Amino acid sequence: MKIATFNINGIKARIDALPAWMADAEPDVVVLQEIKSMDENFPSEIFEERGYNVETHGQKSFNGVALLSKYPLEDVSRGLPGDPDDDQARWIEATVTGEKDALRICGLYLPNGNPAPGPKFDYKLDWMARLEGRARALLDEETPFLMTGDYNIIPQAEDAARPDAWRDDALFRMEARTAFRRIVNLGLTDAFRARTQGPGHYSFWDYQAGAWNKNDGIRIDHFLLSPACADRLKDCQIDRDVRGKEKPSDHVPVWIELDI
DNA sequence: ATGCCGCCTCATAGGCGA
């Protein structure tokens, strides 16, 4: 089962590039972030015509996550538990069943948190505490699971071309990295780092200042796998070439292959 | 020190992103 995550930075702007990449990559499941669309305006038909089931959790103008899956999407749940006043659309989860086992797939768009310090950074840290709570709850269940999406976290210096430039940024500040590390340390596996070590692997390049041409990127789109899920990991890759194509998002897809 | 670029919208300027 091939599962991909992709922050598309607006479904309307990626109406050609997203299906083009999917036709090439042939993922079984796609976890989308920043659809920037309300549910009723998401062009589900485009994907349904290609054999995907579609579940969205959208909002107007900002944020928004979605699941596209060739397998049925069961027990769909929207919104990260822990704060009934949080109306930002950043979390969706569903169960898919492969040939061997069921898998709980959680799609997330973690808050950016800039400027830091400040209320937006506080919201990011609060959100990460809730994410840790959800991870703990899922670990108590029997179903293997993964949590994937745009984490807006640079885990280590090797995950940025210019780590010094990010030192005080909400994506790299110690409080944010520590919160991420605390979640991983529950027993989850960073799928990319389970397969590939060393610097120079990025999933985001800013539109500004020629970042792509200079390969001035950061790795902020991640797969965290539960122990039972990590046992099924066959591969994890970043589709970096997508950044150089026509009208790209500033993020590229990251995908895993699971024997499940 | 800031903007760079590109997304969005009760748009044509301003908020947001990373």
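Since this is a predicted model, take the numbers as computed values, not measurements. Chain naming here is simple, since letters A, B, ... match the order of the sequence lines and numbering starts at 1 in each.
- Note that NZ of A/Lys2 and CG of A/Leu258 are 12.0 Å apart. Values are rounded to the nearest 0.5 Å.
- One can place CG of A/Asn41 at 8 Å from P of B/dT9, the figure rounded to the nearest angstrom.
- Using a 4.0 Å heavy-atom criterion, one finds that A/Asn9 contacts the sugar-phosphate atoms exclusively.
- Separating the CD1 atom of A/Ile35 from the P atom of B/dG17 is a distance of 16 Å, rounded to the nearest angstrom.
- Under 3.5 Å, the side chain of A/Asn152 and the base of B/dA18 form no donor-acceptor pair of N or O atoms.
- The side chain of A/Lys247 lies closest to B/dC7, out of B/dC7, B/dA18, B/dG6.
- Taking the nucleotide of DNA chain B with the nearest heavy atom to each of A/Arg14 and A/Leu110, the more 5' of the two is matched to A/Arg14.
- Taking the ring centre of A/Phe172 as origin, the terminal cationic atom of A/Arg167 falls outside the region bounded by 6.0 Å and 45° from the ring axis.
- In this structure, the nucleotide among B/dT9, B/dG17, B/dG15 sitting nearest to the side chain of A/Ser61 is B/dT9.
- For B/dT12 and B/dT2, the P atoms lie 26 Å apart once the distance is rounded to whole Å.
- The nearest whole Å value for the distance from the CZ atom in A/Phe62 to the P atom in B/dG14 is 15 Å.
- For the side-chain contact (heavy atoms from CB on, under 4.5 Å) test with A/Glu93, the passing option among A/Met147, A/Arg134, A/Arg78 is A/Arg134; the others fail.
- Picking from B/dT9, B/dG17, B/dC16 the nucleotide with the shortest atom distance to the side chain of A/Lys12 gives B/dT9.
- Nucleotides B/dA18 and B/dC5 place their C1' atoms 12 Å apart, quoted to the nearest Å.
- Note: A/Phe180 and A/Tyr151 meet the aromatic proximity criterion, with ring centroids under 6.0 Å apart.
- Rounded to the nearest Å, the gap between the P atom of B/dA11 and that of B/dA1 is 37 Å.
- A salt bridge is absent between A/Glu34 and A/Arg14: the closest approach of a Lys/Arg side-chain nitrogen to an acidic carboxylate oxygen does not fall below 4.0 angstrom.
- Taking atom C1' on both nucleotides, B/dC10 is separated from B/dG15 by 15 Å, rounded to a whole Å.
- Between A/Trp166 and A/Pro248, it is A/Pro248 whose nearest contact on DNA chain B lies nearer the 5' terminus.
- As rounded to the nearest Å, B/dG3 and B/dC16 have C1' atoms that lie 15 Å from one another.
- Heavy atoms of A/Asp216 sit nowhere under 4.0 angstrom from any nucleic acid atom.
- Taking 4.0 Å as the cut-off between side-chain N and carboxylate O, A/Asp250 and A/Arg243 do not count as a salt-bridged pair.
- Taking 4.0 angstrom as the limit, A/His251 places none of its side-chain polar atoms (N or O) nearer than this to OP1 or OP2 of B/dG17.
- Protein atom CD of A/Gln59 is 18 Å distant from nucleotide atom P of B/dG15, rounded to whole Å.
- Closest to the side chain of A/Asn7, out of B/dC7, B/dC5, B/dA18, is B/dA18.
- Note: CZ (A/Phe6) to P (B/dC7) measures 12 Å, nearest angstrom.
- Nucleic acid contact for A/Ala209: base, since at least one base atom lies under 4.0 Å from a heavy atom of the residue.
- In this structure, A/Arg90 is positioned above the aromatic face of A/Tyr109, its NZ or CZ under 6.0 Å from the six-membered ring centre and within 45° of the axis.
- To the nearest angstrom, C1' of B/dC8 lies 13 Å from CD1 of A/Ile8.
- Atom P of nucleotide B/dC8 and atom CE of A/Met38 are separated by 13 Å, given to the nearest angstrom.
- The side chain of A/Gln208 sits closest to B/dC4 out of B/dA18, B/dC4, B/dC16.
- In this entry the distance linking CG of A/Asp206 with P of B/dT2 reads 16 Å, nearest Å.
- If you check every strand for non-hydrogen atoms under 4.0 Å, A/Tyr109 touches sugar and phosphate atoms only.
- Between B/dT9 and A/Lys36, no contact under 4.0 Å exists linking OP1 or OP2 to a side-chain N or O.
- The side chain of A/Ala13 has B/dC7 as its nearest neighbour among B/dA18, B/dC7, B/dG15.
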